[in-house]
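The block underneath contains the structure these notes are about, expressed in structure tokens.
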Amino acid sequence: MRTASIALTCYDRDVYEPSDDTFLLVDALLKASGSWHAQQRKLCLEVGCGSGFVSCSLALILSQLHVSHHLIALDISHAAISATKSTLNAHKVSTADLIQGDFQHILADTSTFDIVIFNPPYVPTPDEELERTDIARAWAGGWNGRAVIDKFLPLVPKILSEVGELLLVVVSENDPPGILKALHAMDRSLHGGVMMTRRADEELLSILHVQRR
Ligand SMILES: C[S@@+](CC[C@H](N)C(=O)[O-])C[C@H]1O[C@@H](n2cnc3c(N)ncnc32)[C@H](O)[C@@H]1O
């Protein structure tokens, strides 16, 4: 299955460079795609699209499966939105709309999505790092790495459609079982588990896969 090519992916020093977490999320999309069928139309959302590598891969996977789809990719960073635009153009992907802004505002009154993906800023950092408005916003997660994740979790029951699935990147310090428990407590129909795990240097990365049941 063809996914985005690094050679055609645009990013500069203001944009998160595709890394192990990015590639793990694309591998998780390939795994999840085993249950996607051509007759289903998929409305998709990537929160924090960065370079656009993951959004572009998702669109390419869906196209190859002949799944009709539309993708919304959003990021708080202007530079990331402009990089994603270039990455999508370079791959001739035209099924996406891009929105610049904070997901907390954009997703407040939104419609629901069938596939939601987020590789959030998950790195445990001093809380002061959360005040930065530069590239640190791509990784800074506060003392347990959960500052941004915890703002996103309450939105999940609102934005996941009846057949929706969420793929969320986390590290062990984020307390993955605690995140799954919190989502289930917010909405009893949400069930999830660890879909994939990979060690990358000092990080133990996991993909949480959450669906309604
Ligand atoms: C770890 S990077 C992931 C980038 C890309 N998805 C990837 O996997 O390579 C996290 C991204 O989330 C964006 N971000 C951080 N806080 C955000 C917020 N409140 N609203 C929207 N995007 C945010 C950052 O600008 C950054 O591009």
Side-chain angles (χ1 to χ4, degrees), residues 3-6 8-30 32 44-61 71-88 91 93 96-110 113 115-125 127 129-142 145-156 158-159 166-171 173-174 195-196 198 200-201 203 205-208:
T3 58
S5 141
I6 274 290
L8 295 178
T9 299
C10 307
Y11 55 91
D12 60 22
R13 63 193 182 89
D14 296 322
V15 178
Y16 189 76
E17 178 176 349
S19 308
D20 291 307
D21 46 1
T22 315
F23 303 131
L24 182 62
L25 182 52
V26 172
D27 287 346
L29 285 174
L30 287 166
C44 313
L45 170 72
E46 182 178 16
V47 181
C49 51
S51 65
F53 184 87
V54 184
S55 276
C56 191
S57 295
L58 175 57
L60 291 171
I61 292 168
L71 170 72
I72 294 185
L74 68 87
D75 204 293
I76 199 164
S77 148
H78 280 284
I81 290 298
S82 143
T84 294
K85 190 173 182 191
S86 304
T87 297
L88 292 169
H91 289 82
V93 169
D97 280 326
L98 308 182
I99 305 177
Q100 188 270 319
D102 188 326
F103 69 76
Q104 290 178 82
H105 309 308
I106 295 167
L107 299 179
D109 293 307
T110 192
F113 297 90
I115 301 172
V116 176
I117 52 179
F118 191 16
N119 178 9
Y122 56 67
V123 178
T125 60
D127 279 344
E129 294 268 307
L130 296 170
E131 307 304 319
R132 287 175 58 180
T133 55
D134 58 2
I135 184 70
R137 276 201 299 216
W139 65 76
R146 286 271 294 265
V148 179
I149 292 172
D150 284 345
K151 288 180 178 144
F152 174 69
L153 296 183
L155 296 168
V156 174
K158 297 180 190 159
I159 62 173
L166 163 71
L167 295 172
L168 179 68
V169 180
V170 294
V171 287
E173 292 86 343
N174 301 151
M195 183 192 226
M196 293 174 100
R198 187 172 295 165
D201 298 325
E203 289 180 342
L205 294 160
S206 296
I207 302 290
L208 301 185

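For clarity, every value in this text was computed on a predicted model and none was experimentally measured. For ligands, and for the atoms within them, numbers begin at 1 and follow the listed sequence.
Near E46, meaning under 4.0 Å from any of its heavy atoms, are these atoms of ligand 1: 6 (N). Distances below 4.0 Å separate heavy atoms of P121 from the following atoms of ligand 1: 15 (C). Residue V54 has at least one heavy-atom neighbour below 4.0 Å for each of these atoms of ligand 1: 8 (O). Here is the list of ligand 1 atoms found below 4.0 Å of a heavy atom in A138: 1 (C), 2 (S), 10 (C), 24 (C), 26 (C). Close contacts between ligand 1 and R137 involve ligand atoms 15 (C), 24 (C) [criterion: under 4.0 Å to a heavy atom]. Residue C49 has at least one heavy-atom neighbour below 4.0 Å for each of these atoms of ligand 1: 5 (C), 6 (N). Near T22, the atoms of ligand 1 lying under 4.0 angstrom from a non-hydrogen atom of the residue are 7 (C), 8 (O), 9 (O). Against a heavy-atom cut-off of under 4.0 Å, L74 is close to the following atoms of ligand 1: 21 (C).
Between Y16 and N119, the side chains place no donor N or O within less than 3.5 Å of an acceptor N or O (distance only, hydrogens not considered).
Using a 4.5 Å heavy-atom cutoff, the side chains of L107 and L45 are in contact.
Annotation: P18 places no N or O atom under 3.5 Å from an N or O atom of ligand 1; distance criterion only. For the pair N119 and ligand 1, the shortest N or O to N or O distance falls below 3.5 Å.
With R198 as the fixed residue, the salt bridge (Lys or Arg N to Asp or Glu O under 4.0 Å) test singles out one of D27, D21, D20: D27.
Contact between R137 and S77 at its shortest, heavy atoms only, is NH2-CA, 4.5 Å.
The closest donor-acceptor contact from the side chain of H91 to the backbone of A4 lies at 3.5 Å or more, if one exists at all.
The residue among T133, I81, V123, I76 with a heavy atom at the shortest distance from atom 17 (C) of ligand 1 is I76.
Here F118 pairs with F103, F152 under the ring-ring contact (aromatic ring centres under 6.0 Å, His included) rule; sequence neighbours left out. In this structure, the salt bridge (Lys or Arg N to Asp or Glu O under 4.0 Å) partners of R132, at least two apart in sequence or on a different chain, are E129, D134.
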